[in-house]
Amino acid sequence: MKRQQPQWNTLLRELANKSLFPDALQVYLQMLRSGSAPNAFTFPFALKSCAALSLPFTGKQLHCHVLKTGCSPEPFLLTSLISMYCRLGSVESARQVFDENRHSSKLTVCYNALVSGYALNSRAKDAVLLFRQMREFGVAINGVTILGLVPVCGVPGSLELGMAVHGCCVKLGLDVETAVGNCLLTMYAKCGEIGCARKWFDEMPRKGLITWNAMINGYAQNGLANEVIQLYMQMEASGFRPDPVTLVGVLSSCANLGAHTFGKEVERRIEACGFGYNPFLSNALINMYARCGNLKKARDIFNGMPVKSVVSWTAIIGGYGMHGQGKTAVELFDDMIRSGIRPDGAAFVSVLSACSHAGLTDSGLNYFEVMQKQYGLQPGPEHYSCVVDLLGRAGRLYEAQKLIESMQVKPDGAVWGALLGACRIHRNLELAELAFERVIELEPTNIGYYVLLSNLYTDTGNKEGIINVRMMMRERKLRKDPGCSYVEFKGAFFTMSRMKREEEAKSWGCLTEFQKIRPSVVSFIIPILLHQRKGKLKEKPYGIDFRGFHEMRSCETSK
DNA sequence: GTAGGGTTAG
């Protein structure tokens, strides 16, 4: 049956809108073969498919088709062309299309496509310049302009620009659009200004699911896991049903806290909602179980995934590595390569750290070489710190030092810190002092390093050294931060610094009371008492149901 | 019938 031209267009549009891009391009080719001429309603979808599939050559050809068919350069078509070139990384070609059609490009849509294109290609300056031009030329600015522009402000240090854009939104009355609000929220979170993000979140007149997700994931990315859990509970209480995006953020926070019970609860939720086959969620679950120490469960989920991405592999490899099962981690890494997955930088971090934890020095060094020579990956400071750790633990301290000195990128605190840690193990005071000097330049307030050096002085009986470190800490007004406890109790969640806990315990006058029961339980009970005092549970502190304690897990971490 | 956009894992 021969199709008419409009039918071809409809089919093409439907496929592209369902993200079935290869099929859409097939249809385009069939259409040409059947003798139907493409028109201005055909090209936008063919161009979009090309961009989605990263086919620069086909994209260029399509542009030629457009010119050949003599389609009038109307804004819809121009916008599609500009957007395609931007997505394929050729901003210059996009700019050319834009400039060659000056008369039509007065239109907002064309500007929007190019502004977001510059942003997409990390050309912040050009994006802002074009945005300014829009204002000068009196081109209408709408919400979509802002959505395209704001991502350029979402990097640490660009808060000022972001706030200027926010101010602009307010002036134009665009900040009340939910999508714009969400975008600004994400921008603040990505700048690391989580306080601003929260303030804006609280002010936003209309919050949608995406708003909650943006705030939850903003907290998650800034490492504020407790806030994530709290906000998630608040979200449920406000009647919003989570979607996979929400739960990914929540799970990553469970992983960071070692909140096993809560994580299991989230898994049940995932199953109940029918999100079970979402690969993002499976990866987040693997990560959560692995970091909580439940390697079996992590492995089961990993094995059950029909399609495993490099992220899935990295999560399971990292899990084994973290718990000292370096051999399994290395085997899995090799399996991954055999299965045709190309490892990326993060995958190498997981295998390198597995090797260093398990003492597999030679394998680790081999992977470090393979990474550069075979995969052409430039090692970052995170790789160097693994390798320094690897060499250092093996006692090859001077090789580690040489490696640091040969680095192409600037070493960060973790790199020198790894050397310092190794020096402590092998009691090399001279090198430790050098590493300490470097690491303190980079992270002057990280108390861990002072403690490490002080411990080494203690090990070697160097009293003068100990006093020196203490003086330095006093001069810089550094105090050893007390460790923090994370506690789960019947699905509720608590955190509290040890010092605070003791103060609170004294004010309750019940510390000794509980110590009689079981000293290790004290750290669990005090936060619960606090919770009861603040919250709705009006029980007396002594009326806690101790049968619930088997449900608790805790992990002590120190900052 | 067409274009530009916001939240997601290791």
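Proteins get letters first, then strands, A, B, ... in listed order; numbering begins at 1 in each. What you see is a predicted model; the values in this text were computed from it and never measured.
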One pair to check against ring pair (Phe, Tyr, Trp, His ring centres under 6.0 Å): A/F98 and A/Y111. What are the steps and the verdict?
CA-CA 8 Å; A/F98 182 85; A/Y111 271 95; 5.0 Å; yes

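- Looking at A/N112, its side chain has no donor and acceptor atom pair within 3.5 Å of the base of B/dG5.
- Residue contacts shown for A/N142 include a base, since a base heavy atom lies under 4.0 Å away.
- For the side-chain contact (heavy atoms from CB on, under 4.5 Å) test, residues two or more places apart in sequence or in another chain that qualify with A/V128 are A/R132, A/L149, A/V152, A/L161.
- Nucleic acid contact for A/S80: sugar-phosphate only, since backbone atoms but no base atoms lie under 4.0 Å from a heavy atom of the residue.
- Taking the side chain of A/F76 as heavy atoms from C-beta on, and the options B/dT8, B/dT2, B/dG10, the nearest nucleotide is B/dT2.
- If you measure from atom CZ of A/F41 to atom P of B/dT2, you get 8 Å, rounded to the nearest angstrom.
- If you take CG of A/L81 and P of B/dG4, they are 11 Å apart, rounded to a whole angstrom.
- Separating the CD1 atom of A/I316 from the P atom of B/dG10 is a distance of 14 Å, rounded to the nearest angstrom.
- Residue contacts for A/V115: at a heavy-atom cut-off of 4.0 Å it reaches no nucleic acid atom on any strand shown.
- Here the nucleotide nearest the side chain of A/T178, chosen from B/dG6, B/dT8, B/dA3, is B/dG6.
- In the set B/dG6, B/dT2, B/dG10, the nucleotide with an atom closest to the side chain of A/A346 is B/dG10.
- A stacked arrangement is assigned to A/F280 and the six-membered base ring of B/dA9, with a centre-to-centre distance below 5.5 Å and an interplanar angle below 30°.
- Stacking of the aromatic ring of A/W313 onto the base of B/dG10 is not found under the criterion of centres within 5.5 Å and planes under 30°.
- For B/dG1, neither phosphate oxygen OP1 nor OP2 lies less than 4.0 angstrom from any side-chain nitrogen or oxygen of A/Q7.
- In the region residues 200-212 of chain A, proximity to DNA chain B at under 4.0 angstrom, judged on heavy atoms, holds for A/I210.
- Taking the six-membered ring where tryptophan is involved, the planes of A/W212 and A/F240 are tilted, since the angle between them lies from 30° to 60°.
- Relative to the side chain of A/N283, the nucleotides B/dT7, B/dA3, B/dA9 differ in distance, and B/dA9 lies closest.
- Distance CG (A/L78) to C1' (B/dG4): 13 Å, rounded to an integer number of Å.
- Counting only heavy atoms from C-beta on, A/V245 has its side chain closest to B/dT8 among B/dA3, B/dG10, B/dT8.
- Proximity note for A/L147 (side chain, C-beta onward) versus B/dG4, B/dG5, B/dG1: the nearest is B/dG5.
- Closest to the A/V311 side chain, of the nucleotides B/dG4, B/dG10, B/dT8, is B/dG10.
- Closest to the side chain of A/S83, out of B/dG4, B/dT7, B/dG6, is B/dG4.
- In this structure, the nucleotide among B/dA3, B/dG5, B/dT7 sitting nearest to the side chain of A/T79 is B/dA3.
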